[in-house]
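Down below is the structure, laid out as structure tokens.
Values in this document were obtained by computation on a predicted structure and should not be read as measured data.
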Amino acid sequence: QVQLVESGGGFAQAGNSLRLSCAASGSALRVNVMGWYRQAPGKQRELVATITRNGLTNYADSVKGRFTISRDNAKNTVYLQMDSLKPEDTAVYYCNVKSQIRDGLVDYNMDDWGKGTRVTVSS
């Protein structure tokens with residue numbers, strides 16, 4: 001059982017900033033990769049950015065240079081700093097966490113998704 005709590009979505013004008021947060025919790029939880037994906041109406045879900053527990057990052061070309069992903073391993077929290085927002089950034093943003101949960105002698109690989117937080121950018 002992995003619980004994800006997302007926050008930070010909302011409304012912004014083009015050129016402004018928002019910061020998303022996602023906190024993962026659970027017993028005997030080892031969080032490996034955390035990331036953000038987004039889905040706009042009528043479009044497929046797409047990767048925005050991911051980060052490993054060692055700090056290696058990956059960004060979609062469309063957000064590179066504008067968005068910054070970071071994490072606090074002690075808090076099992078991932079952040080997405082979104083600067084220079086554009087109307088095309090409008091989407092529901094989903095937190096994704098790949099982790100392992102130890103249950104007795106067994107480690108379970110988990111791939112969990114948040115419920116999503118809506119970001120709306122107006123021109």
task: Under the salt bridge (Lys or Arg N to Asp or Glu O under 4.0 Å) rule, collect the residues that match up with Lys86, sequence neighbours excluded.
output: none
Hydrophobic cluster membership, Leu56 vs Trp36, 4.5 Å side-chain cutoff: no
- prompt: Between the side chain of Glu6 and the main-chain N/O of Leu20, is any donor-acceptor distance below 3.5 Å?
  reply: no
message: So, taking the atom named CG in Leu80 and the one named OG1 in Thr68, what distance separates them when rounded to the nearest 0.5 Å?
response: 8.0 Å
statement: So the side-chain hydrogen bond (donor to acceptor under 3.5 Å, both in side chains) pairs with at least one residue in residues 10-28 (sequence neighbours excluded) are Ser17-Asp83
- request: May I ask you to list the residues sharing a hydrophobic cluster with Val33, side-chain cutoff 4.5 Å, ordered by chain and number?
  value: none
field: By salt bridge (Lys or Arg N to Asp or Glu O under 4.0 Å) - contacts of Asp107 (at least two apart)
entry: Arg102
- line: In terms of heavy-atom contacts, Val31 and Ala24 come closest through CG2-CB, 4.4 Å
- request: Give, for atom CE of Met34 and atom CG of Asp72, the distance between the pair rounded to the nearest 0.5 Å.
  value: 9.5 Å
statement: In this structure, CG of Asp112 is separated from CD1 of Ile101 (nearest 0.5 Å) by 6.5 Å
ring-ring contact (aromatic ring centres under 6.0 Å, His included) contacts touching residues 4-29 (sequence neighbours left out): none
statement: What one should report as the nearest heavy-atom pair of Ala14 and Ser123 is CB-CA, 4.2 Å
- prompt: What residues form a side-chain hydrogen bond (donor to acceptor under 3.5 Å, both in side chains) with Lys98, not counting sequence neighbours?
  reply: Asn96
field: Residue pairs passing the disulfide bond (SG atoms under 2.5 Å apart) test where at least one lies in residues 47-81, sequence neighbours excluded
entry: none
message: Once side-chain contact (heavy atoms from CB on, under 4.5 Å) is applied, do any residues pair with Arg53, and if so which ones, sequence neighbours excluded?
response: Arg30, Asn32, Arg71, Asn73
query: Is there side-chain contact between Asn58 and Leu47, with heavy atoms separated by less than 4.5 Å?
result: yes
- request: With sequence neighbours excluded, give me every ring-ring contact (aromatic ring centres under 6.0 Å, His included) pair touching residues 39-96.
  value: none
message: Checking Leu18 now: which residues fulfil side-chain contact (heavy atoms from CB on, under 4.5 Å) with it, not counting sequence neighbours?
response: Ala12, Met82, Leu85, Val119
message: Which heavy atom of Ala40 sits nearest to which heavy atom of Thr90, and what is that distance?
response: CB-O, 3.6 Å
task: Mind checking salt bridge (Lys or Arg N to Asp or Glu O under 4.0 Å) for Asp89 and listing every partner two or more places apart, or none if nothing turns up?
output: Arg38, Arg66
- line: Closest non-hydrogen contact found for Ala91 with Gln39 is CB-O, 3.4 Å
Qualifying ring-ring contact (aromatic ring centres under 6.0 Å, His included) pairs with a residue from residues 98-123, counting only residues at least two apart or across chains: Tyr37-Trp113
- request: Work out which heavy atom in Ala23 is nearest to a heavy atom in Thr77; give both atom names and the distance.
  value: CB-OG1, 3.6 Å
task: Identify the two heavy atoms, one from Ser99 and one from Leu29, that lie closest to each other, and give their separation to 0.1 Å.
output: OG-CD1, 3.3 Å
